[in-house]
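Data first, discussion second: the structure below is written as structure tokens.
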Amino acid sequence: MVKTFAIALFPGFQALDVFGPVDILNLLARTTDSRVADLEIFILAASLDPVSTAVQDGGFGQSIVPTHTFQNAPSNIDVLLVPGGLGTRNDANITPVIEYLRTAYPTLKYLLTVCTGSAVAARAGILDGKRATTNKRAWKWAISNGPSVDWVLKARWVTDGNLWTSSGISAGIDMMYSFVGEVYGEDMAKELAIQSEYIRNLDSTDDPFADLVEL
């Protein structure tokens, strides 16, 4: 059973990529279901300094305080989520994430990415030969990071084995509800969506934003 979650952060991450899926996990942990009685979540980053959503130092943004560095991350992580954001375009920001992914992925039960987080996973070589999707507004740039990836243009989210990738920003919420349904049962996913008053997209191939991509 899935018990431990972690988020891999970097400067300039997209807020909703993280907070949307994490709020679903917050609700999940508050249920009385015995399977989630001892869920844990870890926030990982290159250092223990607060990590900001701001793209530039001193810019507008909000910060999260990590619980662990990539170097001392717990070894029992079941699910790792990698967000996207403008910070994925900065090599200095994402190189520590890429290095950690290469080390951690073999022991994960699941890897989830939101938005251009799939570009980070692609650069780590994890998505080679796998089906994946990414942000449609950043499609050309994102897929350039993974020439050996089977990129799926028209998809809200894509699953391939233990890899779950989602399209732009809010798509991570739909992906996480689907993931909860897969792991804990669809009844649980439905209940959490009702608690959030959220109208889910239940069809992973229903992606109107794909029509906006310039190929």
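As the structure is a computational prediction, the values presented were derived from the model and not from experiment.
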Between T95 and A92 (side chain of the first, backbone of the second, donor and acceptor by atom type, cut-off under 3.5 Å), is there such a pair? no
Tell me the closest heavy-atom pair linking G87 and F10, and the distance in Å. C-CE1, 3.9 Å
Would you mind reporting whether V183 and V79 have side-chain heavy atoms less than 4.5 Å apart? no
Scanning both residues in full, the closest heavy-atom pair of A189 with R200 reads CB-NH1, 3.7 Å
Is there a donor-acceptor pair under 3.5 Å between the side chain of K136 and the backbone N or O of A210? no
Value rounded to 0.5 Å, distance of CG in D17 from CG in L9: 10.5 Å
Please check if the side chain of D206 supplies one atom and the backbone of N201 the other of a donor-acceptor pair under 3.5 Å. no
Passing candidate, ring-ring contact (aromatic ring centres under 6.0 Å, His included) with F179, options Y184, Y110, W157: Y110
Do W139 and F209 sit in one hydrophobic cluster, given that two such residues count as connected whenever their side-chain heavy atoms are within less than 4.5 Å of each other, even indirectly? no
Restricting to non-hydrogen atoms, name the atom on T133 and the atom on A155 that form the minimum distance, rounded to 0.1 Å. OG1-O, 3.8 Å
Euclidean distance, L39 CG relative to N26 CG, rounded to 0.5 Å: 10.0 Å
Is the side chain of T116 donor-acceptor paired with the backbone N or O of G85 at a distance under 3.5 Å, no angle test? yes
Y177 and Y198 aromatic ring geometry - parallel, tilted or perpendicular at 30°/60° bounds: parallel
Do V82 and Y100 have side-chain heavy atoms sitting under 4.5 Å apart? no
Report all side-chain donor-acceptor pairs from residues 101-109 shorter than 3.5 Å, counting only partners two or more places apart or in another chain.
unit_1	atom_1	unit_2	atom_2	d
R102	NE	A124	O	3.3
R102	NH2	R123	O	3.0
T103	OG1	E99	O	3.3
Y105	OH	N162	OD1	2.6
T107	OG1	A104	O	3.0
K109	NZ	M1	O	3.1

Closest approach of P66 to V51 (non-hydrogen atoms, all atoms of both residues): CG-CG2, 3.9 Å
Pick from D160, T165, V158: which one makes a side chain to side chain contact (heavy atoms under 4.5 Å, CB included) with V152? V158
Side chain of N72, backbone of T69: donor and acceptor closer than 3.5 Å? yes
Rounded distance (nearest 0.5 Å) linking atom CE of M176 with atom CG of L28: 9.5 Å
If you define the side chain from C-beta out and look only at heavy atoms, does anything of E40 sit under 4.5 Å from N76? yes
Nearest-0.5 Å distance that lies between atom CD in Q14 and atom OG1 in T53: 8.0 Å
Just checking E186: does its CD atom have more than 12 heavy atoms from other residues, nucleotides or ligands closer to it than 6.0 angstrom? yes
Pairwise side-chain contact, F13 with I7, heavy-atom cut-off 4.5 Å (strictly under): no
Test side chain to side chain contact (heavy atoms under 4.5 Å, CB included) on I173 and L16 and set out the steps. CA-CA 9 Å; I173 299 174; L16 193 62; 4.3 Å; yes
Checking the side chain of S196 only, and the main-chain atoms of L192 only, is there a donor and an acceptor separated by less than 3.5 Å? yes
Is R35 atom CZ crowded by more than 12 heavy atoms from other residues, nucleotides or ligands, each under 6.0 Å away? yes
Could you check whether atom CG of D211 has more than 12 heavy atoms from other residues, nucleotides or ligands sitting under 6.0 Å from it? yes
Count I, L, V, M, F, W, Y as connected when their side-chain heavy atoms are under 4.5 Å apart, and connections chain through other members. Are V2 and I77 then in the same cluster? yes
On a heavy-atom basis, which atom in G146 and which in W151 lie closest, and how many Å separate them? O-NE1, 2.9 Å
Considering all heavy atoms of both residues, which atom of A15 and which atom of Q62 are nearest to each other, and what is their separation? CB-OE1, 4.3 Å
Within a strict 4.5 Å, meaning less than it, do heavy atoms of the L81 and P21 side chains meet? yes
Which residue, S170, S167, S166, forms the side chain to side chain donor-acceptor pair (under 3.5 Å) with R156? S170
Can you tell me if I199 has over 12 outside heavy atoms packed within less than 6.0 Å of its CD1? no
Within the side chain of T4, is there an N or O that forms a donor-acceptor pair under 3.5 Å with the backbone of D78? yes
Check the pair N145, T134 against side chain to side chain contact (heavy atoms under 4.5 Å, CB included), reporting the backbone distance first and the verdict last. CA-CA 11 Å; N145 289 276; T134 191; over 6 Å; no
Short question: side chain of T67, backbone of I43 - any donor-acceptor pair under 3.5 Å? yes
Hey, could you give me the NZ/CG distance between K130 and L111, rounded to the nearest 0.5 Å? 11.5 Å
Atom pair CE/OG1 of M175 and T113 - distance to nearest 0.5 Å: 6.0 Å
For K190, I'd like to know if atom NZ has over 12 heavy atoms of other residues, nucleotides or ligands within 6.0 Å. no
Could you check whether any side-chain N or O of N135 sits under 3.5 Å from a backbone N or O of G168, counting only pairs where one atom can act as donor and the other as acceptor? no
Do I169 and V55 belong together in a cluster built from hydrophobic side chains that touch within less than 4.5 Å? no
